[in-house]
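Here's the structure, in structure tokens; my notes come after.
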Amino acid sequence: MPDTTNNPNRRTWLEVPENSDFPVQNIPFGVFLTRDDVITIGTRIGDFAIDLGALHQLGYFDGIPLTDDIFLQDSLNDFISDGKKTWRLVRNRIGDIFDADNASLRDNAEHRNTVIFTLDEIEMQLPVQIGDYTDFYSSIEHATNVGVMFRGKENALMPNWLHVPVGYHGRSSSIIPSGIPIHRPQGQTLPAGADTPVFGPSKRVDFELEMAFITTDANHLGEPIPIEEAEDYIFGVVLFNDWSARDIQKWEYVPLGPFLGKSFASSISPWIVTMDALEPFRVETPKPLKPQLEYLQYTGKKSYDVHLEVGITPENGEETIVSRSNFKYMYWNMAQQLTHHTVNGCPVNSGDMMGSGTLSGKTPDSYGSMLELTWAGKNPLKLNDGSERTFINDGDTVTMRGHCKNDHVRIGFGEVSSKLLPVFEPKKK
């Protein structure tokens, strides 16, 4: 089944603003609450949200083998489980329905009113029930920067880093959609010069600029996924802010890795952009600095040219863009990550999420965390209002955006935006 939606010449009868992240060539998938308080699975074109549950009930997906309730759910997990052939059939059909030359829905006012919503009429939800979440550490620039800070230039990369996609299993219960504020976490830290830890609020709350991919049911217990098949099990990609409490993490991470310093919150963009939509933006992965083991070797272009930016907005203030980076900087690509994840026989399920790790470039303005941008707080960032930041302050909103663009089309992810609130205070009884 060929992909027909990526045709750059396709136009839609819906009005789409110039440079929109969501032209008819995108067709992402998400979950939203409608003006009638109904949760449905949908897509987005321009500044309109499309109710796929209603479209299905009205017969617009006739001929595609879908269960009656596939889009009448509060998560995409079952749809994702249907596999790549179904994803492509549905995406192609949506592209056809909204094609400028297709009058079936365009000229049916009653149906249009049922299935099309403006963005102020909906409330985006978490798009999948995330059973398991893994965070990788796959930007060589980021890993090198952090290593230099804590171990010195000669020992910046750990001995395994160039041989294995390093990762850890994270907490999925605290993954939230864009727009949900978070509280400053508390935990143990070790003050400078002290030999006994103290308990209290983190003083070094940070963002991590990442992307994350969502998988389908991929394998059985004990069954590895060969690298040449890995991308067939990736449904799509989201923007990902993996919040970090650097001082808590620094004290706790030896010997088993991140725990409370990472598990308090992670924020994702609500629209999942499919691998099919990203196909025109494939690029080469950075060349390995050391030979990689055979199971991690691949052919073809496995990385994607996604322009990324991070902004910080103080409370009641204006935004300052503090970083511009790119998904293509990732040293270990998604296919390698998924293959390595399953090489020991670990099963991967529908709705599982894999974070890229912080995406930093080679120049200081492309670093993907405050830890790097301020070099562990030694070089404060100046915002547009004249204030300075070493890490994120209470009241600050961190916003990440991403898009791909070539000579024909722009495909974007929208944004993931979250505000940092003070430490949680229980309500007095």
Side-chain angles (χ1 to χ4, degrees), residues 1 3-76 78-80 82 86-127 177-179 236 269-274 276-277 409-415:
M1 167 57 62
D3 180 293
T4 60
T5 310
N6 288 348
N7 180 356
N9 297 317
R10 168 166 270 171
R11 297 294 178 263
T12 176
W13 48 265
L14 285 172
E15 185 177 347
V16 178
E18 187 176 359
N19 282 326
S20 171
D21 278 353
F22 302 100
V24 71
Q25 289 83 4
N26 191 339
I27 313 295
F29 292 89
V31 175
F32 57 83
L33 185 69
T34 73
R35 59 186 173 230
D36 302 315
D37 288 330
V38 174
I39 288 183
T40 187
I41 288 171
T43 189
R44 177 174 172 177
I45 300 176
D47 293 333
F48 297 98
I50 316 299
D51 182 345
L52 298 183
L55 267 183
H56 189 21
Q57 289 179 309
L58 292 169
Y60 286 89
F61 293 117
D62 284 356
I64 300 177
L66 299 168
T67 60
D68 291 342
D69 66 343
I70 193 69
F71 298 126
L72 303 176
Q73 303 186 38
D74 60 2
S75 81
L76 280 157
D78 283 356
F79 175 63
I80 293 173
D82 278 352
T86 299
W87 313 335
R88 184 170 290 178
L89 285 168
V90 168
R91 185 168 168 270
N92 283 347
R93 179 68 59 84
I94 295 169
D96 291 342
I97 292 167
F98 289 93
D99 187 279
D101 295 327
N102 190 338
S104 58
L105 179 61
R106 183 193 67 195
D107 294 348
N108 190 322
E110 182 181 354
H111 285 189
R112 289 201 317 272
N113 188 57
T114 301
V115 304
I116 300 174
F117 297 82
T118 56
L119 297 183
D120 60 358
E121 296 179 302
I122 66 166
E123 181 179 315
M124 297 304 299
Q125 310 291 303
L126 199 68
S178 178
S269 53
W271 294 106
I272 302 175
V273 177
T274 65
D276 275 347
V409 70
R410 172 186 171 120
I411 300 293
F413 295 79
E415 66 179 34

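Across all non-hydrogen atoms, the minimal contact from I411 to P23 is CD1-CG, 4.0 Å. When all heavy atoms of R11 and Q25 are compared, the pair lying nearest together is NH1-NE2, 4.1 Å. Of all non-hydrogen atoms in T40 and G53, the two that sit nearest each other are OG1-N, 3.6 Å. Residues A54 and T114 share a closest heavy-atom pair of CB-CG2, 4.0 Å. Of all the heavy atoms in P270 and E415, the pair that sits closest is CD-O, 3.9 Å. Of all non-hydrogen atoms in H56 and L66, the two that sit nearest each other are NE2-CB, 3.8 Å.
Using a 4.5 Å cut-off on side-chain heavy atoms (C-beta onward), T34 and E121 make no contact. For the pair F29/V90, a side-chain contact is recorded, criterion being any heavy-atom separation below 4.5 Å from C-beta on. For the pair W87 and T274, the minimum side-chain heavy-atom distance is 4.5 Å or more. Contact of the D21 side chain with the R410 side chain is registered, since non-hydrogen atoms from C-beta on lie closer than 4.5 Å. Between D99 and V24 there is no side-chain heavy-atom pair separated by less than 4.5 Å. Side-chain contact between F79 and Q73: absent, with no pair of heavy atoms (C-beta onward) separated by less than 4.5 Å. Side-chain atoms of T67 and D82, non-hydrogen and from C-beta on, never get closer than 4.5 Å to each other. In this structure the side chain of R35 never reaches within 4.5 angstrom of the side chain of E123, judged on heavy atoms.
D96 and R10 are joined by a salt bridge, as a carboxylate oxygen and a charged side-chain nitrogen come within less than 4.0 angstrom of each other.
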Quick one: do F32 and I39 satisfy side-chain contact (heavy atoms from CB on, under 4.5 Å)? Show the steps, please.
CA-CA 6 Å; F32 57 83; I39 288 183; over 6 Å; no
Between F117 and F48, is a side-chain contact (heavy atoms from CB on, under 4.5 Å) present by the stated rule, with each step listed?
CA-CA 6 Å; F117 297 82; F48 297 98; over 6 Å; no
Determine whether Q57 and V115 satisfy the following criterion, side-chain contact (heavy atoms from CB on, under 4.5 Å), listing intermediate values before the conclusion.
CA-CA 10 Å; Q57 289 179 309; V115 304; over 6 Å; no
Please evaluate residues D47 and F22 with respect to the criterion side-chain contact (heavy atoms from CB on, under 4.5 Å), reporting the C-alpha separation (whole Å), side-chain torsions for both, the decisive distance (0.1 Å), and the verdict.
CA-CA 8 Å; D47 293 333; F22 302 100; over 6 Å; no
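Atom OG of residue S75 and atom CD1 of residue I80 lie 7.5 Å apart, to the nearest 0.5 angstrom. Expressed to the nearest 0.5 Å, how far CG of L55 lies from CD1 of I116 amounts to 8.0 Å. Between atom CG of residue L89 and atom OG1 of residue T4 there is a gap of 9.5 Å, rounded to the nearest 0.5 Å. R106 contributes atom CZ, which lies 13.5 Å from atom CD1 of I97 (distance to the nearest 0.5 angstrom). Here D69 contributes atom CG and D78 contributes atom CG; the two are 7.5 Å apart, rounded to the nearest 0.5 Å. Taking CD1 from I64 and OG1 from T86, the interatomic distance works out to 8.0 Å, rounded to the nearest 0.5 Å.
Although no hydrogens or angles enter the test, the distance criterion places a donor-acceptor pair under 3.5 Å between the side chain of T43 and the main chain of P28. Checked by atom type and distance alone, the side chain of D36 never pairs as donor or acceptor with a backbone atom of V38 at under 3.5 Å.
Screening I27, I50, L119 for a side chain to side chain contact (heavy atoms under 4.5 Å, CB included) with R44, the sole residue that qualifies is L119.
Atom CG of N19 has more than 12 neighbouring heavy atoms from other residues, nucleotides or ligands inside a 6.0 Å radius.
Taking the six-membered ring for Trp and thresholds of 30 and 60 degrees, H111 and Y60 have ring planes more than 60 degrees apart, a perpendicular arrangement.
Scored by the side-chain contact (heavy atoms from CB on, under 4.5 Å) test, R88 finds M1, D3, K84, N92, D276 as partners (sequence neighbours excluded).
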